[in-house]
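Each residue takes its place number in the sequence, starting with 1. Treat the numbers as computed from the prediction; the structure is a model and nothing was measured.
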Amino acid sequence: MKAKNRKVVLIGAGMVGMSFAYQLYSSGVCEELGLIDFFPEKAEGEAMDLNHAGALVPPIKVTSGGYEQCADADVIVIAGGLPQKPGETRLDLVDKNIKVVKDMSEQIVKSGFDGVIVIASNPVDVLTNALQKFTGFPRNKIVGSGTTLDTSRFRYMLGDKLNIAPNSVRGYIVGEHGDTQLAAWSNVYVYGKRFDDFLATSKYTAEDFAEVEEKVMRAAYEVINRKRATYYAIGLALFTIVKAILRDENTELAVSGYCEGQYGIEGLYIGTPAIIGREGVREIVELPLNKEETAKMQHSAKVLKETLEKAYASLEK
Ligand SMILES: NC(=O)c1ccc[n+]([C@@H]2O[C@H](COP(=O)([O-])OP(=O)(O)OC[C@H]3O[C@@H](n4cnc5c(N)ncnc54)[C@H](O)[C@@H]3O)[C@@H](O)[C@H]2O)c1
């Protein structure tokens, strides 16, 4: 008997969504991909364009249409909503995008969907919290892209500075996917050596690396100033998360996961390493942060909680 096809539905067929979809399409990781967009013709055109490469990739069928596509999907990816304009912070988008997420949540619930939702729309941590509240789905089945992208930027930029491959630098950006994020330096390893030990025997000083953390935080602004949007790297980050879910990989990724006491944070989705598999977040990996890092993480959580409260209040106006 043929196993059930693995199906993903993308909501928001814009630059981020389609960068993800393009990677997914050619990967062989799923057999069905449904596209939904505010502009149905846009989703239809994207589906046609992808399907025309059908002879060149592992078998996959791409459809477009409405939320009925979600009913038998395994994973939904949300990348719809407004993106940042030059000069805007991610938190500036909140009042508009929380309405978009509320509307999407109602339609997803109505479709009978019973899988895992991954969201990238910004401000992603705030919207991840809102998505869980609006859908009422189990907390582990709602996954924000969180600091997956920032963590990749961090490993790339640190590796670049040290002339070491990014995959030989291990470390995380945690907290908000935004201006209050932090590098968890006390948990960084350079080819197996703790970062402090590595520094002690290298020509570098801690100050050399403060600028790396700053560059990671400012990376999206730098790209947006030059090309108006970021999409390839987040597209690949989304693909990595979705692949981990569909293949039940139990891979550690820095997603926006629900903290219940970790880092002293109660009842909030925020960027932290977590184990990702078939059920979404299998468990949160609480990094042993030092005192200063813990304080920064708690500050980030405070900013997110305040923004979330204001966003919920804006819905009632
Ligand atoms: N989490 C991250 O790391 C990260 C990185 C980059 C961008 N983003 C965010 O991803 C989102 C998308 O960015 P983009 O550059 O692809 O923008 P875009 O404008 O290219 O695409 C957004 C798409 O969403 C669609 N859309 C809007 N409202 C919708 C609705 N109610 N239902 C269905 N579709 C809807 C639009 O028609 C458009 O096609 C933004 O919020 C952006 O800030 C997140």
Side-chain angles (χ1 to χ4, degrees), residues 10-20 37-39 42 77-105 118-131 133-134 144-154 156-157 173-183 211-238 254-256 268-271 296-297 299-317:
L10 169 68
I11 306 176
M15 297 309 295
V16 169
M18 290 315 299
S19 300
F20 155 74
D37 198 87
F38 185 73
F39 298 105
K42 162 86 168 124
V77 172
I78 298 180
L82 296 166
Q84 282 167 272
K85 294 194 194 103
E88 258 186 337
T89 72
R90 295 177 182 91
L91 295 182
D92 289 338
L93 299 171
V94 71
D95 290 356
K96 293 168 198 148
N97 280 349
I98 199 166
K99 291 196 181 80
V100 170
V101 166
K102 187 161 193 284
D103 176 57
M104 287 174 180
S105 301
V118 180
I119 177 164
S121 308
N122 274 322
V124 70
D125 304 285
V126 173
L127 296 184
T128 308
N129 281 280
L131 181 65
K133 182 180 158 104
F134 297 148
S145 59
T147 44
T148 309
L149 169 59
D150 315 78
T151 293
S152 176
R153 285 176 174 148
F154 180 57
Y156 159 69
M157 289 181 193
I173 297 290
V174 293
E176 178 200 354
H177 168 62
D179 297 357
T180 63
Q181 65 181 221
L182 60 133
E211 70 171 31
V212 172
E213 184 171 358
E214 173 73 13
K215 261 173 77 178
V216 171
M217 192 276 282
R218 292 212 45 82
Y221 295 112
E222 295 297 333
V223 179
I224 290 169
N225 284 343
R226 288 165 173 79
K227 56 175 272 194
R228 301 195 70 78
T230 73
Y231 36 89
Y232 297 132
I234 179 62
L236 273 166
L238 284 171
V255 297
S256 194
L268 187 77
Y269 284 88
I270 189 166
K296 285 186 183 169
M297 184 73 167
H299 170 69
S300 192
K302 185 167 170 273
V303 170
L304 286 178
K305 277 192 174 171
E306 286 168 4
T307 310
L308 190 59
E309 288 314 317
K310 277 193 212 143
Y312 287 144
S314 79
L315 284 174
E316 277 150 31
K317 279 183 202 151

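- Using a 4.5 Å cut-off on side-chain heavy atoms (C-beta onward), Asp103 and Phe38 make no contact.
- Put simply, NZ on Lys302 and CG on Leu268 are 13.0 Å apart, with the number rounded to the nearest 0.5 Å.
- Heavy atoms only, all atoms of each residue included: Met104 and Gly80 are closest at CE-CA, 4.0 Å.
- A heavy-atom distance below 4.5 Å is not found between the side chains of Thr307 and Arg90.
- Ion pairing between Glu211 and Lys215 fails under the 4.0 Å rule for side-chain N and carboxylate O.
- Side chain to side chain, Tyr312 and Asn129 fail the donor-acceptor criterion of an N or O pair below 3.5 Å.
- Counting heavy atoms of neighbouring residues, nucleotides and ligands inside a 6.0 Å radius, atom OH of Tyr221 exceeds 12 of them.
- Val118 is not listed as a side-chain neighbour of Ile78, based on a closest heavy-atom distance of 4.5 Å or more.
- Interatomic distance, Leu182 CG to Phe154 CZ, rounded to the nearest 0.5 Å: 10.0 Å.
- Proximity of Ile11 to Val77: side-chain heavy atoms (C-beta onward) are nowhere separated by under 4.5 Å.
- No donor-acceptor pair closer than 3.5 Å links the side chain of Ser145 to the backbone N or O of Leu238.
- Going from atom OG1 of Thr128 over to atom CD1 of Ile119 covers 5.5 Å, rounded to the nearest 0.5 Å.
- You'll find the side chain of Leu315 reaches within 4.5 Å of the side chain of Phe134, heavy atoms only.
- Taking both residues in full, the closest heavy atoms of Asn122 and Val124 are given as OD1-N, 3.1 Å, listed atom of the first, atom of the second, then distance.
- Glu88 contributes a side-chain N or O that, together with a main-chain N or O of Lys85, makes up a donor-acceptor pair within less than 3.5 Å.
- Between the side chains of Ser121 and Asn97, no donor N or O sits under 3.5 Å from an acceptor N or O.
- Contact detail for Ser105 and Leu131: the closest heavy-atom pair is OG-CD1, 3.5 Å.
- Ion pairing between a basic and an acidic side chain is recognised when a charged N comes within 4.0 Å of a carboxylate O; Glu306 and Lys310 show no such pairing.
- Between the CG atom of Asp92 and the CD atom of Gln84 there is a distance of 8.0 Å, given to the nearest 0.5 Å.
- For the atom pair CD of Glu213 and CZ of Arg218, the computed distance is 14.0 Å after rounding to the nearest 0.5 Å.
- Side chain of Asp150 to backbone of Ile173: no donor-acceptor contact under 3.5 angstrom is found.
- The only member of Asp125, Val174, Thr180 that meets side-chain contact (heavy atoms from CB on, under 4.5 Å) when paired with Ser300 is Thr180.
- With a 4.5 Å cut-off on side-chain heavy atoms, Val126 and Glu176 do not count as touching.
- Here the shortest heavy-atom pairing between Leu149 and Ala233 reads CD1-CB, 3.4 Å.
- Judged purely by atom type and a 3.5 angstrom limit, Lys42 has no side-chain atom pairing as donor or acceptor with the backbone of Asp37.
- Across all non-hydrogen atoms, the minimal contact from Lys227 to Tyr232 is NZ-CE1, 3.8 Å.
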| Would Gln181 and Ile270 satisfy side chain to side chain contact (heavy atoms under 4.5 Å, CB included), going step by step from the backbone distance to the final call? | CA-CA 10 Å; Gln181 65 181 221; Ile270 189 166; over 6 Å; no
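- Summarising the geometry, atom CE belonging to Met15 is positioned 13.5 Å from atom CD1 belonging to Ile234; distances are rounded to the nearest 0.5 Å.
- The two residues Ala79 and Val16 come nearest to each other via the heavy atoms CB-CG1, 4.0 Å.
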